[in-house]
Amino acid sequence: MVSVDVLVIGGGPAGMTAAAAAANAGLSVALVDERPDAGGQIYRGLESGPFRESSALGADYRKGAPIIERFRSASIATFFGAALWRIDTDQNGGRAAFSCSGLHMSISFRKLVAATGAMERPVPFAGWTLPGVMNLGAAQLLLKSSGLVPSGRVALLGNGPLLLLFAQQLTTAGVRIGAILDTAPPVNKVALGLKHVKAVLANRKKVLKGIGMLRAVRQSGIPIYKDVSDVMALGQDQLTELQFVSRDYPAKLELDLLLVHEGVIPNTHLSRALGCKHVWSDSQACFVPFTDSRGRSSNRNVFIIGDGASIRGADAAPASAEVAVSTILSDLDRANAKSRKVLACALHSLEKEEKFRPFLDALYPPRLAVTRIADETIICRCEEVPASALREAVRDGAIGPAQAKAFTRCGMGPCQGRMCALQVSQLLARETSASIGDVGSYNVRFPLKPITLADMAASAEPSVKDDSHAH
Amino acid sequence: MHIEADVAVIGGGLVGISIAYGLALQRIDSVVIDEGDSAVRASRGNFGLVWVQGKGLALPAYTGWAIRAAELWPDLAQRLGSRTGIDVSLDQSGGLFFCLTPDAMEQRAADLQTVKEQYGAPYHFEMLDNKELKKLVPEVGDDVAGASYSRYDGHANPIRLLQALHRAYVDLGGRYAPGEGVIGLEQRGGKFVVRTQTRTILATRIVLSAGLGNAGLGDLLGKAVPVKPIRGQIIVTERVRPIFTKAMEQVRQTDNGSIMIGSTWEDVGFDTATTMEANRQMAADAVRLFPILANIRAVRSWSALRIMSPDASPIYEELVPGAFLVTCHSGVSLAAIHSFEVAKWIADGHIPGSMAPFSLSRFDTSATLAP
């Protein structure tokens, strides 16, 4: 079995930075990612996609290039295109099992760095499972990785920086967006800015960029519906029409494609499976893994960084990685003046990013995603479980997600509850009048991704103990 | 909060809710006290067999009890279906226990022969070699030695059973008080006073049906209850077309189409983790049993804790007058008999003398035989 000091899961900005920093400090490092290339979601396609040499996606996309370059020039055992199926931990570290290029691998580690990033907040509403309704972030990944843009009558529904950015990217790519349906409740942006004045001033560049995006969208002439609620997607086998309420007035649009986005939440599937403690974040309206100021989880050998720890954005991700790696170095008695300097600097920039986040969270709160879900609306797409079935489970005595899942099969399908977990917790909290933090979330089980029994049987075959290092 | 009831059932897993449902059928006023969502709940983790073959090896009286429990099952399934609309998918068309090696085959045959002789009445089982087994289950692998088969066995959907019992119980007027474990239990003025964090429950009789929690409840009454956890790990696959019709001890296809693969037998305390080695071993065994499973994908694995007594058989005991201990690791197999017979004892206020072999005294080596 291969053994390393640090195993990093995830090749986005946080994971790449952590791997490079640890390797450059002399640690043996491996990185595992399910994608074929480095970059994660945010820099998807930057290594080999259609926009690798182009500035068409904006300046922020190009920020990934030096991160990838530093990562690629460090001495790291990389496993891209890997199917990771389980990780076991003990007092001394742990062991991860995955397959890659048809080979079954097992790597033992002293420290695990989980950089599993963010996922889009699930936004169920009537008709959201119709073909023609998809996540906006998913559409953006198609653009980044394959240069695909939507055609036909397209509308964007939701709110948040990514929605604005994508509107701008699509417009640049020559796509005519039919409408933007803004679900953010009306807020006085000036008052909000004054409330967060310190954070705003410290992050002037970001604010100006945001104002620029807003202005660009406004000037593009795309019709914008404000204060949108009560959304219903209609169509037989495919979306044809969207009905909604905007500023208290009913409205409708004929559509071929609706791209939905109400922000992102940490992808906690791995940290849950590892048994790490999670807590409810009121400001981000989602569960986040518990981490201390250095990124250490409730398991002392597991660090969680980047947006997988809490949504702080692409600029905070490398900083959170540097903080965690500096801490790992001191855990392993490898800290020195340089690593302490890096730590101080990274803590400083992380703090700046973290201060800005509450302003963004207040500016773009989820709306459809936190509205009471109608009985007939599907919550679990894999098992086609409607909200009514969960309410029935509550009447049958289920007071938490484990029992509700057992009673309804909600969360038992191929995605293993990734998509419905937050909605189920929200629904149960509402139905039982309990706080969502107390309700908690599903217990996540291995395998992390479906794996054939043949692969499972072969993949962790006990092998001759080999303690040689990867590098 | 203050609750009064004729009977307080402590524990809302399959054993407790089966008895509570049986009490409600007899119009006995009861309340079920249950822990929260994170309770160690064997009822959510089990395999779903309604099983007879092999039961009674260590405690001969268990054989007849298990046969009667299986015979009562269709009535339970029918009643639950008509009251709740939930189909618990009972299928009692026989069950198989696979033996990978000739040695295992020989051991199995000897064990079942012992059970049969101890039972002393007609008892059905057959040992099938690979060729005979293939007639029943053509998918079985060539290097599987064989299987034991009994027509008494079957399976059901254990989770829908749990939900149906809960729904039927509440529909019949039962009260369910979940979310808090018992922290105090005492007798006062001819009543039992059961305390949870915010509730006080006053009851004339109590049922201790809290699985592994019964050990702690016994302590509160000054009685030792010898149950301990034995971990079983299970793998479940994606849904696939119907492949298997028979109930099978190691690999079972549920009515949803998913295939359950079990299970380990591990003495590791209350550790409910799964392990890579068990995943690997169970997957390898399953593929050896049925090569057809090789390319079916596992989606989840989990551990459940069996509630194990020293002879792996149920315990029925009146610990102190009015306090009935009911504990077993066969909450599905025994669900019907718990509803229809055990609930009657609770209503009557005593356990029949014929059940003496199931009492706690069988474990007490220092005790003399009961008169």
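In the text below, chain A, chain B and the rest are named by the order of the sequence lines, each starting its count at 1.
Contact count against chain B (heavy-atom pairs under 4.5 Å) is highest for A:R86 among A:R86, A:R445, A:R409. Annotation: maximal heavy-atom pairing with chain B below 4.5 Å, among A:A434, A:G440, A:G397, occurs at A:G397. Options B:G36, B:A284, B:A298 differ in how many heavy-atom pairs under 4.5 Å they form with chain A, and the most are formed by B:A298. Contact count versus chain A (heavy atoms, under 4.5 Å) is highest, among B:I235, B:D171, B:I159, for B:I159. Ranking A:M412, A:K405, A:K449 against chain B, the residue ahead of the rest is A:M412, based on heavy-atom pairs under 4.5 Å. Heavy-atom pairs under 4.5 Å with chain A peak, among B:V287, B:L293, B:L162, at B:L162.
Nearest heavy-atom pair, A:F407 versus B:Q163, reported as atom, atom and distance to 0.1 Å: O-OE1, 3.1 Å. Across all their heavy atoms, A:A457 and B:A283 have their closest contact at N-CB, 3.8 Å.
If you take CD1 on A:I399 and CD on B:E180, they are separated by 9.0 Å, rounding to the nearest 0.5 Å. Separating the CZ atom in B:R280 from the CG atom in A:D455 is a distance of 13.5 Å, to the nearest 0.5 Å.
Residues A:Q403 and B:R44 are in side-chain contact: their nearest non-hydrogen atoms beyond the backbone lie under 4.5 Å apart. At least one side-chain heavy atom of A:Q416 sits less than 4.5 Å from a side-chain heavy atom of B:V299. A:P414 has its side chain out of reach of B:R239: every pair of non-hydrogen atoms, C-beta onward, lies at least 4.5 Å apart. Two residues are said to be in side-chain contact when any heavy atoms from C-beta on lie closer than 4.5 Å; A:D396 and B:Y176 fail this criterion.
In this structure, the portion of B:T237 lying under 4.5 Å from any heavy atom of chain A is its side chain and not its backbone. At a 4.5 Å heavy-atom cutoff, B:S43 makes no contact with chain A through either its backbone or its side chain. The contact between B:N256 and chain A is made entirely by side chain atoms (from C-beta outward), counting heavy-atom distances below 4.5 Å. Proximity to chain B is absent for every atom of A:R395, based on heavy atoms less than 4.5 angstrom apart.
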*Please step through side chain to side chain contact (heavy atoms under 4.5 Å, CB included) for the pair A:E392 and B:R167, ending with a clear verdict.*
CA-CA 10 Å; A:E392 197 170 55; B:R167 189 179 292 180; 3.2 Å; yes
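Looking at B:R300, its side chain never comes within 3.5 Å of a backbone N or O of A:V444 through a donor-acceptor pair. At distances below 3.5 Å, at least one donor-acceptor pair connects side-chain atoms of B:D37 with backbone N or O atoms of A:A402. Distance alone, capped at 3.5 Å, is enough to place a donor-acceptor pair between the B:S301 side chain and the A:F446 backbone.
For B:E139, the CD atom is densely surrounded, since the number of other residues' heavy atoms within 6.0 Å is greater than 12.
Residue A:L453 forms a side-chain contact (heavy atoms from CB on, under 4.5 Å) with just one option from B:N279, B:I261, B:N295, and that option is B:I261.
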